[in-house]
Each structure stands twice: as C-alpha cells, then as structure tokens.
Amino acid sequence: VGVEDDFGGESSPWIAGFAPDDAVPGQGKRQGHAMTVAEFVRRAVRLLATAFESAGPAEPAAAERQGVFLTTSPVPPDASAPQRGEITSLAQFGGLARRAEFAGLIAAIEGLALLARLGGRTSERATRAVVGQMDQFRAELALRVNRSAEGRRLAQAVDLVVGCVLGALEDGLLVGDGFGRIDHLDFREWLTGRVAPETLESPIIRALYDLVFAYEDGDRNRPRFSAGLGLFLAAQLFFEYDGSIFWKMRAGMGDVVFAPLYQALRERGVRFEFFHRLDSVELDEDHRNVTAVRLGRQIVLRDGLDAYEPLTRVGGLPCFPSEPDARQLNCPAPRRVESLWADRGAEQAVELRQGRDFDVVVLAISVGMVPHAAQALVEHVPGWRDVVANVRSVATQALQLWMRPTEMELGWAHPGATVSGYRAMFDTYSSMSHLAVAEAWPQDDRPGAVVHLCSALPDAVATDPDVANDIVERNAAAFLNTDMSRFWPGATTPEDGFRYDLCCGDNGPAAISERAGVYVRANVDPSDRYVQSLPGSSACRLRPDQSGLDNLVIAGDWTNCGLNAGCIEAAVMSGVEAANVVLERPLTTALIGRWYGLGDEPDLIATAGA
C-alpha cells in the first residue's frame, strides 16, 4: 500500500509493506472482540516503541540506514541486546531504560483505561503526564530519523499516530462512546495543533481523503471527512486486519460478490424482477405504513420466458454482462436501463399493494435516489429530511487500462500495489493485473498489466450523464498524455504522449471510448454516486430499524450500520441488520465483533412485524 510523496518538487511513490499473519477474515482477531479507543492507544504506543527500536542510536545514523521496522506487536527482543548481568556500556543501559519507559507508558495508559471503565472518567493529571511523555518521544524520534526521505516519511507517520493518541487522551475518548464523540469534526480539523503542519499536508493524510472520495460536492478544495470514523477505520485497518491489510478479489466484484449472493437467494426461493425502476413509495393517511410501491417496468421478456437469467459465464465464472441479453427480450433494451435519465416512453406501470403483494418493504436503494423515488418519506416522515440533506454522496470518475506489457516492463516497480494521494486528475492507482487470467482476451493478446484509476468528480460537471462522460473522456486523455508517465514511463513518449498501440485490442486511431483496452466512466447517476462520511452526518443516519414506519425496513451503506463508510462491507452489514429486523431478531445478530454506534443497548431489539 502506498502514497505519492511530492516533497520538494520531486514526485515518487512511498510504498509500505504490512506483515501478513495466519488469520482468516471473519475468523480472526475480530471474532468476539471490539477495537476500543484504549486498545488503539496501546497499539499506537507499541508502534512508537518499535520505531525507536529500529531507528538505532541517538547519534547520527549511517547514510545507508534508512529503513525502519514497524510492528504493533510487543517490542521484539534484540539478539544483540545484553542479557541480564551483561550490561557493558551506558548505551546498552540507555536502551534498556528506554524500553522500561515505554513499558511504564503502556502501564499508565492501562491505568487510565481502567479508571475510565470503573468511574466513567480519567485522571487529568495522569493524562497530562502521558501526553507529555508521548510528545517527548515523538520529538526525540523526529530528531533521529529526519535526515533522509525515509526518515522524514517515518517522522510524519509517527507524528500522525501520536497526534491521534494525544487527541484521544485529551478529548477523553477512553470514556463513553469513544470514536463517535468526535464524529462532528473533520479529521484534519481534529488533528490541527496536535501534529506538525507538514503532517497535515502529508501524502498520508491526503491519501486518506482520496481513498474515500472525501471532497464535499467533489471539490478538491473542500476536503471533509468525519474524525471519529477516520480514527476508527485507521484502528481497524492498521491494527486489526486478518491475514493481510488488503485482500484483492480474483475477479470483478459483480462476479465474486453479487453473482454468488444472487445465486444463493434464488436457490432459497427468492423471486427477482429485473428492469424495474422505483418511482414512488405511497403512505397511509397517518404516515405510519407503506400502502403501495409504484415502479416502471422498462423491459418486457420474450414470449414464453417467466424470468430473466442475468448471468453469463466467462471461463466458468458466473458474471453480470455489461448489457442486457437481447435474446431474452421482446424488444431492444432502452438507453440507460434503471437510470434516473432512462427513456420512460415505453414503460409499463406496476403497482404493488400492502396485504396483496407485501407485508414488509425493505428499501435498499442508494441514498442519492431517495429524493427521486421516495419523496413521500422526505415530506412526511421525521428524520428523512435530515438524511437527504446531510448524508451526502459524490460523483466519481474511473479509468481502466489493459496493456500487453507487464507493469515492470512499463516501468512500474511496485506491481500489486495500491497507491493514492496523487496530485493529478486521477488520484488513486490500483494494480489489478492479477485479474487478467479471469478475463476473456484472445490468447495472443492477453494483458500483462491491468490498472484501475479513479477520483472524485465535481458536482458542477455531474448534472448530465452525456456531458459528464465527455468531460471524463477528456480528463482521461489529458491524464494519459501527461501524468501516466509517473506510473508507466514506458507507456508514453515526449513526442506522441500515451502509446495506445500498447493497449490490448488496439484498433488504431479512435476515441478513448471506442478502444478495447481503455475504459472510462462518469458515475453521476444518483444510484452510482459514492456515499460520503462528512463531519456530523452520522448523527443523521437512520438504523435499518429506524425508518419511522411500521412496515418499512431500510438497508444500504448510507444507513447507521456501525461502519458508516461507503463500502461493500457496510452494505452487507446493513443488509444483515435489515434481515434481523424483518425476522424480529436483535439488530446485530450474526455481525462479527461490535461496531461503534451499535452497541448492545436494549433499544436495538427490533420490533417490526414480519
């Protein structure tokens, strides 16, 4: 995993490796365990201790000693350290004394956490002492390592971790609901004054915002991300990962996540009706129940077909194709199926009625579609106006490339890495070359390199899909000709810019959208926009059991599911919680671990009827 470091006008990726372990997601550290703020603080101190351990002595380090070993496990014993009774120099004594200092610091934090658990508060005097000691260690380490590019980067990383610890202690996050107490603040805002100005502008911070498209209205001059969620995600990602910090799918998400979910549900008897767009949710006079759901059927199946089969097979793997299968339809599919901007001229009206067609409705549309498809909720049900106003989404742009040479042959020294924080049109680079084996390219034209690039797209250009796609195509062309050389110097020339002839399926001069080895997309449809986590927005999210209606349950990564971030994990968690509500189970049944904002309070027992 890496970030782009552009210090002093020089641009270079800073790649960090994270040690794997034997844990399996879902069966590892989180099983029955919750990462608390206190545990995060303890791990952070261990990280600082191992940074000291590997940074060497206080005197200037040799020029070649630039790497630093980091782990959040207890400090590993040094084979060269003196055994008991063998202290032969002041330097050796100083090293042992420093270890004792860190052990004492961890013990002090344990004491603060215990006080918080027992009495609901911490000792202000003890907190000041711990904060002062952490500040001293941070300053000393910065003096030791800040002599090289690697040292400067390490100093920023440690500064960020220590700044988070100081903030957690100073704001009393060891007490009460922990992470959630600072959700109303922006992450940078919360860190200001606790870390150096250079750290606030560091590539690490920039990448944190880029990876979650944390720019209000897509404006890069307005970075906004919830501090509580930022601290929680950092704790989970860096200190709680199972097996590896990232796991990459062996095929597209639609093929290895959604296709199996669809197949499993269908095997259980679930009936699917594709090509319907939700138009409205109708309520009774008291605004307590959904009485009708109105949809537009956009496509009619060919005579003799009772159900549409959505999957095709590529190399034996069930996949969702990019276009509807015309062989199963009685007429060509309209442009932009299931889109806000779809052609509605040939649609057939469909109405589902309470009691006849449904008992309970699970509304699992994207939050961006709520004002368009469920306006009655916004107008008549408490809480929904706040959801629409504050739980925001952002348009994004995507660029994907399939190249015949390998990443190494193109000049990229870090195949497999995901790197973010670039000051460019597309700020995140994710190597996905391992997917080539799952794709149906001709044997003599198979990709050696596959890459996905993305970034937020300003709302100012995201109002019309045709206009937005034209803009993203121009953005992609400019990026390939100017900035792609940062990643793949072998894919560009000073004279001609990007070498499209290296793309798989190259078909000569053509627009980007017509090239087989290049894919661009503007994600501007309300259903396609990325759900953000702006400061204060968590307080406006509704739990799956908080729709405000007796027969409506909600699901999606925009709900308050305990992981209030735009990601597949949050969507699945919310779906599990919605199922629990329908089945009248406690809300968090079958969820692994405990998540902030969703504890074991009695009011989380679902009461909706099935």
Side-chain angles (χ1 to χ4, degrees), residues 212-218 226 229 253-254 257-258 261-262 272-281 290 293-296 298 310 320 336-342 344 361-379 381 383-398 454 456-459 462-465 468 521-534 537-538 540-544 546-549 552-579:
V212 292
F213 306 102
Y215 299 97
E216 194 164 3
D217 298 329
S226 167
L229 181 63
M253 184 179 290
V257 175
F258 295 107
L261 286 175
Y262 163 75
F272 287 83
E273 291 283 355
F274 293 96
F275 311 124
H276 286 65
R277 189 196 60 254
L278 178 63
D279 285 330
S280 67
V281 175
V290 176
V293 175
R294 295 194 174 122
L295 307 105
Q298 299 174 295
F320 285 99
R336 298 199 179 97
V337 176
E338 298 176 335
S339 165
L340 179 66
W341 291 286
R344 306 189 182 194
V361 174
V362 178
L363 183 69
I365 61 175
S366 175
V367 68
M369 280 301 298
V370 170
H372 306 285
Q375 183 64 31
L377 299 178
V378 181
E379 292 178 353
V381 183
W384 282 90
R385 193 179 301 274
D386 285 340
V387 169
V388 170
N390 297 288
V391 184
R392 307 284 293 279
S393 63
V394 65
T396 61
Q397 58 181 344
C454 61
L457 185 67
D459 277 356
T463 55
D464 178 273
R521 181 179 176 88
N523 298 302
V524 299
D525 196 284
S527 288
D528 299 338
R529 292 166 61 98
Y530 181 86
V531 177
Q532 296 179 303
S533 303
L534 300 180
S537 62
S538 278
C540 300
R541 290 179 179 237
L542 301 173
R543 290 195 315 252
Q546 289 179 325
S547 73
L549 289 98
L552 180 69
V553 182
I554 55 177
D557 64 356
W558 53 273
T559 64
N560 178 17
C561 64
L563 179 60
N564 296 343
C567 58
I568 182 63
E569 292 87 346
V572 171
M573 288 171 59
S574 181
V576 171
E577 293 164 16

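All residue numbers in this chain count up from 1 along the given sequence.
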Student: Does any part of the side chain of Leu457, heavy atoms only, come nearer than 4.5 Å to the side chain of Val524, both counted from C-beta?
Tutor: yes
Student: Rounded to the nearest 0.5 Å, what separates atom CE in Met573 from atom CG in Asp557?
Tutor: 11.5 Å
Student: Excluding sequence neighbours, so at least two apart, what forms side chain to side chain contact (heavy atoms under 4.5 Å, CB included) with Arg277?
Tutor: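 By the side chain to side chain contact (heavy atoms under 4.5 Å, CB included) rule, Arg277 matches Asp279, Gln298, Ala342, Arg344, Glu347.
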Student: Should Asp528 and Arg521 be marked as a salt bridge (charged side-chain N to carboxylate O under 4.0 Å, His left out) after you check the CA-CA gap, both sets of side-chain angles, and the distance that decides it?
Tutor: CA-CA 11 Å; Asp528 299 338; Arg521 181 179 176 88; 3.2 Å; yes
Student: Go through it in stages, so that I can follow the logic: the residues are Val391 and Leu534, the test is side-chain contact (heavy atoms from CB on, under 4.5 Å), and I'd like the CA-CA distance, side-chain angles, deciding distance and then a yes or no.
Tutor: CA-CA 7 Å; Val391 184; Leu534 300 180; over 6 Å; no
Student: Looking just at side-chain N and O atoms, do Asn564 and Ser533 make a donor-acceptor pair shorter than 3.5 Å?
Tutor: no
Student: Determine whether a donor-acceptor pair (N or O, by modelled atom type, separation under 3.5 Å) exists between the side chain of His276 and the backbone of Phe274.
Tutor: yes
Student: Within the 4.5 Å heavy-atom criterion, are Ser366 and Arg529 side-chain neighbours or not?
Tutor: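 Not in contact.
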Student: Which is it for Val387 and Leu542 under the side-chain contact (heavy atoms from CB on, under 4.5 Å) test, yes or no, and what are the steps along the way?
Tutor: CA-CA 8 Å; Val387 169; Leu542 301 173; 3.8 Å; yes
Student: Under 6.0 Å between ring centres, would you say that holds for Phe272 and Tyr262?
Tutor: yes
Student: Tell me if a side-chain donor or acceptor on Trp384 pairs with a main-chain N or O of Ser547 at a distance below 3.5 Å.
Tutor: yes
Student: Enter the distance from Glu569:CD to Cys561:SG here, rounded to the nearest 0.5 Å.
Tutor: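 Those atoms lie 10.0 Å apart.
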Student: Do any N or O atoms from the side chain of Ser574 and from the backbone of Ala571 form a donor-acceptor pair under 3.5 angstrom?
Tutor: no
Student: Any side-chain heavy atom of Ile554 within less than 4.5 Å of one from Gln546?
Tutor: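 Of all side-chain heavy-atom pairs linking Gln546 with Ile554, none is under 4.5 Å.
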Student: Salt bridge check: are Asp386 and Arg541 linked by an N-O gap of less than 4.0 Å?
Tutor: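 Between Arg541 and Asp386 there is no salt bridge, as every charged N stays at least 4.0 Å from the carboxylate O atoms.
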Student: Verify, without hydrogens or angle tests, whether Arg543 (side chain) and Asn560 (backbone) share a donor-acceptor contact under 3.5 angstrom.
Tutor: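 No.
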Student: Sub-3.5 Å donor-acceptor pair from the side chain of Trp558 to the main-chain atoms of Ile365, do we have one?
Tutor: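 Yes.
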Student: To the closest 0.5 Å, what do you measure between OG (Ser393) and CG (Asn523)?
Tutor: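 Separation between the atoms: 11.5 Å.
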Student: If I compare all heavy atoms of Ala462 with all of Ala395, which pair ends up nearest, and what's the gap?
Tutor: CB-CB, 3.7 Å
Student: Between Pro526 and Trp341, is there a side-chain heavy-atom distance shorter than 4.5 Å?
Tutor: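 Yes - at least one pair of side-chain heavy atoms lies under 4.5 Å apart.
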Student: Run the side chain to side chain donor-acceptor pair (under 3.5 Å) test on Ser537 and Asn390 for me, step by step, so that the C-alpha distance in whole Å, both residues' side-chain angles and the decisive distance to 0.1 Å come before the verdict.
Tutor: CA-CA 5 Å; Ser537 62; Asn390 297 288; over 6 Å; no
Student: Is the shortest side-chain heavy-atom distance between Cys454 and Phe213 below 4.5 Å?
Tutor: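 SC-SC contact between Cys454 and Phe213 confirmed.
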Student: Please check this pair: side chain of Gln375 against backbone of Val370, looking for a donor-acceptor N/O pair closer than 3.5 Å.
Tutor: no
Student: Taking all heavy atoms of Gly566 and all of Tyr530, pick out the closest pair and write down the distance.
Tutor: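 Closest approach of Gly566 to Tyr530: O-OH, 2.8 Å.
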Student: Listed by chain and number, what are the salt bridge (charged side-chain N to carboxylate O under 4.0 Å, His left out) partners of Asp217, not counting sequence neighbours?
Tutor: Arg222, Arg392
Student: Between Leu363 and Val290, is any pair of side-chain heavy atoms under 4.5 Å apart?
Tutor: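 Not in contact.
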Student: Do the side chains of Val361 and Val281 get nearer than 4.5 Å, heavy atoms only?
Tutor: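 With C-beta onward as the side chain, the pair stays apart.
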Student: First locate atom CG of Leu340, then atom OG of Ser527, and finally report the distance between them rounded to the nearest 0.5 Å.
Tutor: 8.0 Å
